[in-house]
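Presented below is the structure to which this report refers.
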There are 2 protein chains.
Amino acid sequence: MSILSKLSFKDQAFKLRENAILDATTDILKDKGYDLMTMDDVANAVGISKPSLYKHFKSKEELIGEAMIRLIDGAIDFLDQLDRNLSPIEQISAMLEWALRVRLEGGMPFLPSTSAHVRDMLTRNLKYVARILKLNHQLEKLVSKAQKAGDLNPDLPSDVILFSYYSRTCDPAVEFLQRYSKLDNEAIIQHMLKVCFAGLGGPNHAY
Amino acid sequence: MSILSKLSFKDQAFKLRENAILDATTDILKDKGYDLMTMDDVANAVGISKPSLYKHFKSKEELIGEAMIRLIDGAIDFLDQLDRNLSPIEQISAMLEWALRVRLEGGMPFLPSTSAHVRDMLTRNLKYVARILKLNHQLEKLVSKAQKAGDLNPDLPSDVILFSYYSRTCDPAVEFLQRYSKLDNEAIIQHMLKVCFAGLGGPNHAY
DNA sequence: AATAAAATCTACTACTCAGTAGCAAAATAC
DNA sequence: GTATTTTGCTACTGAGTAGTAGATTTTATT
């Protein structure tokens with residue numbers, strides 16, 4: 001047992017530090033963005049040296065890719081663990097609410113509306129793309145059901161709904177409101193949900 | 001007259017080239033983004049050398065600032081030239097429609113949902129901020145009127161409406177739809193407008 | 001305690017790119 | 001046609017940073 005347990009203990013420590021690295025990465029990424037985040041930043045934040053960091057991730061691209069994958073996995077897990085009794089629209093709404101709350105509490109959007117650079121990088125990352133496709137597949141099914149139930153507009157193409165929905169999870173209006181309005185986080189969430197599903201129009205609007 | 005006319009001729013040529021530089025900048029910015037755009041890129045695209053480029057703009061920040069200012073000015077001009085007989089909601093809608101069309105035809109969003117780096121840079125640019133405030137002021141008035149008329153939801157705080165509206169002008173769903181859906185540009189615009197004002201919800205949605 | 005192995009660090013390389021010095025060529029003046 | 005000014009260019013500097021080589025320390029083994 002001794003050798004095996006030692007190995008697994010080491011592995012555990014390794015995994016633990018890997019998580020600390022990803023935490024730091026997500027954190028720095030959040031307020032510096034891809035290009036301004038340096039590998040030294042991450043190493044310093046974790047309290048290790050750069051070569052040690054490279055023992056875990058062989059490049060900056062890989063590091064950021066893994067951080068993004070972890071965020072997507074968080075979203076997939078959230079969706080999986082939702083109460084199965086919730087209707088499709090309730091699940092869709094709960095997921096957006098969760099994403100907005102994560103962001104307001106200092107987290108990263110799991111689908112960044114990022115620069116060309118970052119988008120290209122992630123598109124080349126097959127592991128990341130696979131996760132996205134998985135998440136997308138699940139949401140497609142929910143959207144389709146919600147449209148049939150009349151809870152999402154059946155006249156809109158489902159692409160339009162899906163892409164618009166994704167955009168809401170990383171809507172910059174959230175940060176604007178947090179910075180420049182006096183609304184508290186919960187109020188912001190409720191308003192963003194309302195805007196997402198009911199739109200900006202009032203009772204007399206033509207649409 | 002000779003000296004004066006020569007000077008103004010020179011000035012004209014200078015201005016002309018300045019515009020060519022800003023055109024190239026906007027173009028490159030559109031598909032490379034701030035960090036990947038180099039001053040050599042811009043100089044090469046215009047067909048001049050880097051030092052010549054620096055005769056016009058004393059830094060990369062200034063160059064990009066001026067390009068962004070020109071985009072905002074375009075938006076302000078568009079708003080100014082709108083038919084005065086249009087109702088507030090019609091003006092608001094027309095402006096979003098215009099912004100979406102510009103983007104679909106290969107232009108830049110005049111309000112980029114950009115990285116922290118770019119945001120900071122623009123925030124430090126007083127000239128840019130002044131234009132933004134001017135545009136914002138005009139839109140605030142329109143929003144307030146449209147809310148009173150019941151064409152925009154009077155129950156939403158006007159910040160929420162304004163920031164959400166800005167976000168729609170640079171909504172990444174537009175690029176997603178252009179790339180991955182079979183909708184043509186006009187259909188995309190109509191759907192985006194509908195989503196903006198009427199939301200994603202269908203007839204049975206609780207909101 | 002001596003040795004081997006693993007982990008981690010310091011100090012470096014290679015490269016990109018913003019910004020510039022100083023030269024060359026063209027235009028203008030006399 | 002020569003002198004002067006303007007314009008533009010080539011070729012450089014310096015800063016920042018991804019990624020690495022090789023020394024050093026720590027840990028495990030006998």
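A note on names: the letters A, B, ... follow the listed sequences, proteins ahead of strands, and every chain is numbered from 1.
A/D41 places a side-chain N or O within 3.5 Å of a backbone atom of A/T38 that can act as its donor or acceptor partner. Although no hydrogens or angles enter the test, the distance criterion places a donor-acceptor pair under 3.5 Å between the side chain of A/N44 and the main chain of A/D40. At least one donor-acceptor pair closer than 3.5 Å links the side chain of A/Q178 to the backbone N or O of A/L104.
Residue A/K55 is in base contact, counting any heavy-atom pair closer than 4.0 Å across all strands shown.
In summary, the side chains of A/E90 and A/S87 do present a donor paired with an acceptor at a separation below 3.5 Å, with no hydrogens or angles considered. With 3.5 Å as the limit, one finds a donor-acceptor pair spanning the side chains of A/D35 and A/H117.
Near DNA chain D, meaning a heavy atom under 4.0 Å away, there are no residues from residues 19-28 of chain B. Taking every heavy atom of residues 35-50 of chain A and every atom of DNA chain D, pairs under 4.0 Å involve A/M37, A/T38, A/M39, A/K50, by number.
Partners of A/F163 by ring-ring contact (aromatic ring centres under 6.0 Å, His included), not counting sequence neighbours, listed by chain and number: B/F176.
Whole-Å rounding puts the A/K60 NZ to D/dG19 C1' distance at 12 Å. Counting to the nearest Å, the C1' atom of D/dT20 and the NE2 atom of A/H56 are 17 Å from each other.
Checking D/dC9, D/dG19, C/dA18 against every side-chain atom of B/Y54, the shortest atom distance belongs to C/dA18.
Residue A/S59 places none of its side-chain N or O atoms closer than 4.0 Å to OP1 or OP2 of D/dA18. At least one side-chain nitrogen or oxygen of B/R17 sits closer than 4.0 Å to the OP1 or OP2 atom of D/dG8.
The number of heavy-atom neighbours closer than 6.0 Å to NZ of B/K145, taken from other residues, nucleotides and ligands shown, is 12 or below.
Salt bridge annotation for B/D23-B/R70: present, with a cationic side-chain nitrogen under 4.0 angstrom from a carboxylate oxygen.
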